[in-house]
4 protein chains.
Amino acid sequence: MSHFYRLVVSCPDRLGIVARVSNFIAGHGGSITEANQHSDLASGRFFMRYEILADSIGMSKETLCEAFAPVAREFEMDWALRDTRQKRRVVLMVSRESHCLVDLLYRWTAGELDCEIAAVISNHDDMRKMVEWHGIPYHHVPVSADDKSAAFAEVERLVEASEADSIVLARYMQILPPDLCERYSGRVINIHHSFLPSFAGAKPYHQAYQRGVKLIGATCHYVTEELDAGPIIEQDIHRVSHCHTPDDLVRFGRDVEKTVLARGLRWHLEDRVLIHDNKTVVFA
Amino acid sequence: MSHFYRLVVSCPDRLGIVARVSNFIAGHGGSITEANQHSDLASGRFFMRYEILADSIGMSKETLCEAFAPVAREFEMDWALRDTRQKRRVVLMVSRESHCLVDLLYRWTAGELDCEIAAVISNHDDMRKMVEWHGIPYHHVPVSADDKSAAFAEVERLVEASEADSIVLARYMQILPPDLCERYSGRVINIHHSFLPSFAGAKPYHQAYQRGVKLIGATCHYVTEELDAGPIIEQDIHRVSHCHTPDDLVRFGRDVEKTVLARGLRWHLEDRVLIHDNKTVVFA
Amino acid sequence: MSHFYRLVVSCPDRLGIVARVSNFIAGHGGSITEANQHSDLASGRFFMRYEILADSIGMSKETLCEAFAPVAREFEMDWALRDTRQKRRVVLMVSRESHCLVDLLYRWTAGELDCEIAAVISNHDDMRKMVEWHGIPYHHVPVSADDKSAAFAEVERLVEASEADSIVLARYMQILPPDLCERYSGRVINIHHSFLPSFAGAKPYHQAYQRGVKLIGATCHYVTEELDAGPIIEQDIHRVSHCHTPDDLVRFGRDVEKTVLARGLRWHLEDRVLIHDNKTVVFA
Amino acid sequence: MSHFYRLVVSCPDRLGIVARVSNFIAGHGGSITEANQHSDLASGRFFMRYEILADSIGMSKETLCEAFAPVAREFEMDWALRDTRQKRRVVLMVSRESHCLVDLLYRWTAGELDCEIAAVISNHDDMRKMVEWHGIPYHHVPVSADDKSAAFAEVERLVEASEADSIVLARYMQILPPDLCERYSGRVINIHHSFLPSFAGAKPYHQAYQRGVKLIGATCHYVTEELDAGPIIEQDIHRVSHCHTPDDLVRFGRDVEKTVLARGLRWHLEDRVLIHDNKTVVFA
């Protein structure tokens, strides 16, 4: 199967970026299979993502990076080049609600998520059997309310040992410590079960029920130190009415959560999400 | 054309309400064309709405009300009976943005809104020509930032003089004084240009842009003293992306606002919205 | 846990049905927890569904049925009364695509589908391990293109032996023989991977791609003799664009299919779907 | 206000197109404000749309076209370059239903549609007053069932006399003659009141009601000789249930129709729609 080089760039917007980059690629015979660009007029920043058929370029990723470095310097680019053969390694974290985890595992099995799942970490032991059935290591790290630091030290150790590149909080109901958030900045994805910024924090469906909203939602976002306030990747909603109890909201919400998380994660894995300030550019 | 009696009831839930009411109606030969019920388990309250073919009951509205009064007392009902021949009289209030007003006038002309439009009141004179073209009185009541009380005294006088039953804030960018809100409690409808409770207050689309949400929305709600916090009647959303500027959000938002307001107002006019605490039951 | 009697009625519309039925229930002390009615003006037919707290009525289901029979006769009702303790027994049929099956099994495990899954029947052996892991019998019945009758005789035998009440075609890519459709009339649910009546028959996503539609969909419907033409229970859609290949459509479609099928099946299991002519009344 | 040159290209996909074109633009100092590309893998065709700040290029449109012609020849491009100062001239055609016309006129007044409305042509005289109020010429061309050719000769004459560039059938319930379709190929936009390919032809909402679908829709498409079969630009849907009569479907449908038509027309006017075979690439 063919593999690709994905070039992702963010830089100050100015004349000739596309010309320079597309020339560079064409000059090496690179065949572009997908190209996305965005000029953000408010911030004066330019974003691009190119997917290049690797075989069309007679170069290793490393050589290509070296060749591209001068272009990148010239335009002050934040940039990355990925070879799709090197799959991202993902750690999934989960508490008691299994719907997101089960959904991600199914999509992974079905080939919808191009990554390796390095491990599942949970503060409960409930899903061990199901996870291990998929051939994935399961780590039970209980988090006691009194002393969370020991637990998170263990989590950090496990994440590191698994050589994970990204972390997915698939309804992990604990708050990650700031240093872990920072070390994996832009690579920790959370699903929050409300239409943010409404109903941040605990029990969002009950908050939504209390307020009498007519739509509930879910939000997939990158985790930052401030709770439920990181860059939003994707959101969706489900219609509700006076007929529905908080339990119904929770049930509808499950479907929205898992769809939104799966979409967000897929885009992350395909290098389609670029972060700028506290917002995202998503080349979906 | 046939007219209807609409019976709308809210009362403590207990055994035999439906039996008692439907017996009463059947006993007078009443033909029910639409019936809705809802038992709210959390509050223990029961809601119902019956639409009865008026000609099937050989009684005036007044006689029917007298006959029903004992049933209502027995079950401690909040209730109302309306004859659809007596159209509600509505005052529309508007500032500079015309899209909601134009939309409501069009729907009214097309027969989608069963009411009389008693008047349009605006703090600007911009839409006079268009409104008067529809044969509707237009009142320009400027609101000066220094002294709003004189303006609102005039607004109250005009609303009263128009014998209005309901008030629609169709993007009226002023805050109604509390006593007016209270006098028309449950009969002042506002359209807020965000997905409440997110982005209450001023410039919601700019707030939404700043936060980087992926869906924007609009909320139709009854006005209470607390700003943008009254019972929600209807909400809807529109998908946005990093490509869209605040101006795009405003443009998309116009379509959502007018649709959501029109839906909410129609339900209000058809007695489909029952308020309980700070929430609504909508028999849509 | 409390159980319920569900009364589902369809009859010619006339005066006093609700009064008669609600009187009957109230007369036996029955506490109604949910009530739905619909008068179809075009056909002159009336539909109702009452959910009654079983403990509030001091009667077995059988006694209650006997007591109700005269009322039913008086109004020429098609009717059924179910005790929610007697769960429906469902047979799932599947070919090679597993997404709907996996989704239904997960929802069933999570308590979203109130039924017993009597068996899974497939013309392939691929999903045996996964199904048996859930403790559900798996029957592999190959269907040869030359002689399908032997296979379907075996299918019928298995369905009968499982004492199934309903059959779900969860992407079973074979056409059921007419006599089986008829024997289980109104109890065989199919998911078709298009927005019917568009793209009936084979390869609907490829048909949709060819036609260049901007939305793809899925349809949950009861199976009748005519292919993909039975009463529709539920439909939903997903937005697509020129960017998407037929494979993308298939992938998006999986999410729509499983959601639509799960919703339709849940409503069927909760006796919320009433069939009339070739259409459904869904008290969702 | 700044104006733009819009370059729209469709050509066989091969190496170096983007490099060549973006070099060309950068070489003339052109500042690209929006860029879109699409490689259609199935057809091997490449599509692009560039929006260039006109003032950044020190050239008239004509000079720029001359300069670009060799590039276009080299890559066998179908291409067009438009100066946004030269607004498209549009003729709107309408029968008795006014909702689409009123909506387009409002959006046009509000600045959402960047075009000149050259005239409105109708087979009825109903909307004259409203149209003329907007300062737009109104032509009443009755179409008799016996002899349509005279009417369409007059329509052609009027369209030509108005120097129209595009024609919008805003619920014009007559079928345009083939030669008119062909002369304005890719520039006649129709709104069909169903989710095509379902329910082509007459009375689609009644067809939809009859079939018992749970979603109704509308389709904006380019007109070709084959009725309701041209390239689809945009579609959307609205949820319906057993509660809704054909009249309700018509009413819901009006909202979908006008939104879908307005979106499609806006994209057309902004040169965002490229036709290939019987499909569209929409750079929305």
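Lettering follows sequence order; numbering is per chain, from 1.
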Participant: So, do D/Arg88 and D/Asp271 sit near enough that their side-chain heavy atoms are less than 4.5 Å apart?
Facilitator: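 Heavy-atom side-chain distance check passes, below 4.5 Å.
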Participant: For C/Gln207, which atoms come within 4.5 Å of any heavy atom of chain D: side chain, backbone, both, or neither?
Facilitator: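 Answer is neither: C/Gln207 stays 4.5 Å or more from chain D.
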Participant: When you compare the side chain of D/Glu270 with that of D/Glu34, does any pair of heavy atoms fall below 4.5 Å?
Facilitator: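 Sidechains of D/Glu270 and D/Glu34: no contact.
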Participant: Out of C/Leu196, C/Thr245, C/Ile233, return the one with the most heavy atom pairs under 4.5 angstrom to chain D.
Facilitator: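 Heavy-atom pairs under 4.5 Å are most numerous for C/Ile233.
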Participant: With a 4.5 Å heavy-atom cut-off, do D/Arg45 and D/Pro12 have their side chains touching?
Facilitator: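 Sidechains of D/Pro12 and D/Arg45: in contact.
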Participant: Could you tell me which of C/Ala229, C/Ala208, C/Ala42 has the largest number of non-hydrogen atom pairs under 4.5 Å with chain D?
Facilitator: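 Most heavy-atom pairs under 4.5 Å with chain D: C/Ala229.
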Participant: Looking at C/Gly230, C/Gly217, C/Ser39, which one has more heavy-atom pairs under 4.5 Å with chain D than the rest?
Facilitator: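 Most pairs with chain D among the choices: C/Gly230.
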Participant: Checking C/Lys279 against chain D: side chain, backbone, both or neither under 4.5 Å from a heavy atom?
Facilitator: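 C/Lys279 touches chain D through side-chain heavy atoms alone.
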Participant: Would you mind telling me which of C/His276, C/Arg239, C/Gln210 has the largest number of heavy-atom pairs within less than 4.5 Å of chain D?
Facilitator: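 Most pairs with chain D among the choices: C/Arg239.
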Participant: What option among C/Tyr209, C/Phe47, C/Phe199 has the most heavy-atom pairs under 4.5 Å with chain D?
Facilitator: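 Max contact count across the listed options: C/Tyr209.
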Participant: Take a 6.0 Å sphere around CD of C/Glu182 and say whether it holds more than 12 heavy atoms from other residues, nucleotides or ligands.
Facilitator: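 At most 12 heavy atoms, drawn from other residues, nucleotides or ligands, come within 6.0 Å of this atom.
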Participant: Sort C/Asp277 into side chain, backbone, both or neither according to what part of it lies under 4.5 angstrom from a heavy atom of chain D.
Facilitator: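 Neither the backbone nor the side chain of C/Asp277 comes within 4.5 Å of chain D.
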Participant: Which atoms of C/Thr219 are under 4.5 Å from chain D, going by heavy atoms: the side chain, the backbone, both sets, or neither?
Facilitator: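 Answer is neither: C/Thr219 stays 4.5 Å or more from chain D.
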Participant: Determine whether the aromatic ring centres of residues D/His268 and D/Tyr222 are separated by less than 6.0 angstrom.
Facilitator: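 When the ring centroids of D/Tyr222 and D/His268 are compared, they turn out to be within the sub-6.0 Å range.
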Participant: Hey, does the Lys NZ or Arg CZ of C/Arg14 hover above the aromatic six-ring of C/Phe75, less than 6.0 Å from the centre and inside 45° of the axis?
Facilitator: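 Output yes; distance and angle both within limits.
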Participant: Is the shortest side-chain heavy-atom distance between D/Asn190 and D/His192 below 4.5 Å?
Facilitator: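 Counting from C-beta outward, D/Asn190 and D/His192 do come under 4.5 Å.
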